[in-house]
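Since the structure comes first, as C-alpha cells, the remarks are kept for the end.
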Amino acid sequence: MDIKALIHHNLDELLYLADKKGVLNTDLVVKIGAFVGAAVLRGRFADKKEVTEEEINGVFGIVGDFCKMSFGRSYTKVHFKKMTTMALELIQEPTFDTDVEVFIKDLQS
C-alpha cells in the first residue's frame, strides 16, 4: 500500500467511525486529519530517523486534498492551517503514541 492509499484508508476509517457515532463535524475532521498526518510522519521518523520538508508537505497535501474533496467548501484553508498546526504540535508530545491510541479508541466506543 502506498502512502496515499494508507492515508486515505486511515482517514476513511476514522471519519466513518465519527459519522457512525453521529459526532462528525468540521472540528473533528480537522482533528482526525491532524492525527492521521502526525501518525504517518511519526511512523516515517521511527523508520528512517528523519523526515524531510518535502515529505511533510506531501503528507499534509494528501490529507488536505482528501478533506477538500470529501467536504468541499466546508473545508477551507483555515481548517487546513489549523490541521497542520495541530499535527505538528501533537507529534511533539512525548505521549503521542498513547494519545493516538486513546483518540482512536474514543471514536470506536
Side-chain angles (χ1 to χ4, degrees):
M1 182 179 300
D2 70 1
I3 193 72
K4 183 176 180 179
L6 174 68
I7 291 170
H8 282 203
H9 173 76
N10 289 335
L11 289 169
D12 277 335
E13 289 292 316
L14 295 177
L15 291 168
Y16 170 78
L17 290 172
D19 189 43
K20 185 176 170 184
K21 281 182 75 171
V23 296
L24 189 61
N25 60 40
T26 307
D27 287 336
L28 189 52
V29 169
V30 168
K31 193 170 185 179
I32 288 170
F35 268 104
V36 169
V40 169
L41 294 173
R42 172 83 167 99
R44 175 69 179 171
F45 183 79
D47 188 41
K48 301 291 182 184
K49 302 300 180 222
E50 71 172 343
V51 179
T52 67
E53 188 173 335
E54 182 179 337
E55 290 168 325
I56 293 168
N57 291 337
V59 166
F60 290 137
I62 293 168
V63 173
D65 289 347
F66 179 93
C67 292
K68 187 66 175 168
M69 182 180 67
S70 299
F71 299 101
R73 290 183 290 166
S74 297
Y75 188 82
T76 66
K77 289 180 183 180
V78 172
H79 295 111
F80 179 78
K81 179 66 177 164
K82 185 176 178 183
M83 185 260 310
T84 57
T85 300
M86 183 184 295
L88 294 175
E89 289 170 356
L90 287 168
I91 204 167
Q92 292 180 43
E93 292 295 324
T95 57
F96 176 73
D97 294 328
T98 304
D99 295 344
V100 171
E101 289 178 22
V102 169
F103 179 71
I104 292 170
K105 284 180 184 176
D106 285 348
L107 285 176
Q108 292 172 331
S109 62

Side-chain polar contacts of residues 37-63 - donor-acceptor pairs under 3.5 angstrom, sequence neighbours left out - could you list them?
from, atom 1, to, atom 2, distance (Å)
Arg42, NE, Asp97, OD1, 3.4
Arg42, NH2, Asp97, OD2, 3.0
Arg44, NE, Glu55, OE2, 2.7
Arg44, NH2, Glu55, OE2, 2.5
Lys49, NZ, Ala46, O, 3.1
Thr52, OG1, Glu55, N, 3.0
Thr52, OG1, Glu55, OE1, 3.4
Glu55, OE1, Thr52, N, 2.8
Asn57, ND2, Glu53, O, 3.3

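- Taken to the nearest 0.5 Å, the NE2 atom of His8 stands 7.5 Å off from the CG atom of Asp65.
- Other residues, nucleotides and ligands contribute at most 12 non-hydrogen atoms within 6.0 Å of the NZ atom of Lys4.
- Legend: residues meeting side chain to side chain contact (heavy atoms under 4.5 Å, CB included) with Ser70, ordered by chain and number and at least two apart, are Phe66.
- How far SG of Cys67 is from CD1 of Ile32: 8.5 Å, rounded to the nearest 0.5 Å.
- Partners of Thr85 according to the side chain to side chain contact (heavy atoms under 4.5 Å, CB included) rule, which considers only residues two or more places apart in sequence or in another chain, are Lys81, Glu89.
- Within the 3.5 Å criterion, the main-chain N or O of Gln108 finds no donor-acceptor partner in the side chain of Lys21.
- The line from CD1 of Ile104 to CG of Asp99 is 11.0 Å long, rounded to the nearest 0.5 Å.
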Starting from the C-alpha separation in whole Å, work towards a yes-or-no answer on side chain to side chain contact (heavy atoms under 4.5 Å, CB included) for Phe103 and Lys31. CA-CA 10 Å; Phe103 179 71; Lys31 193 170 185 179; 3.7 Å; yes
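- The heavy-atom pair separating Ala34 from Ala87 by the smallest distance is O-CB, 3.4 Å.
- Of all heavy-atom pairs between Tyr75 and Phe80, the closest is OH-CA, 3.4 Å.
- In terms of heavy atoms, Phe96 sits closest to Leu90 at CD1-O, 3.3 Å.
- Considering all non-hydrogen atoms of both residues, Asn25 and Asp27 come closest at OD1-N, 3.1 Å.
- Contact annotation: the side chain of Val29 never approaches that of His79 to less than 4.5 Å [non-hydrogen atoms, C-beta and beyond].
- Considering every non-hydrogen atom in both Thr26 and Ser74, the closest pair reads CG2-O, 3.9 Å.
- Residues Leu107 and Leu17 come closest through the heavy atom pair O-CB, 3.9 Å.
- Put simply, Val102 and Met86 are part of two different groups of oily side chains (I, L, V, M, F, W, Y) that touch within less than 4.5 Å, one to the next.
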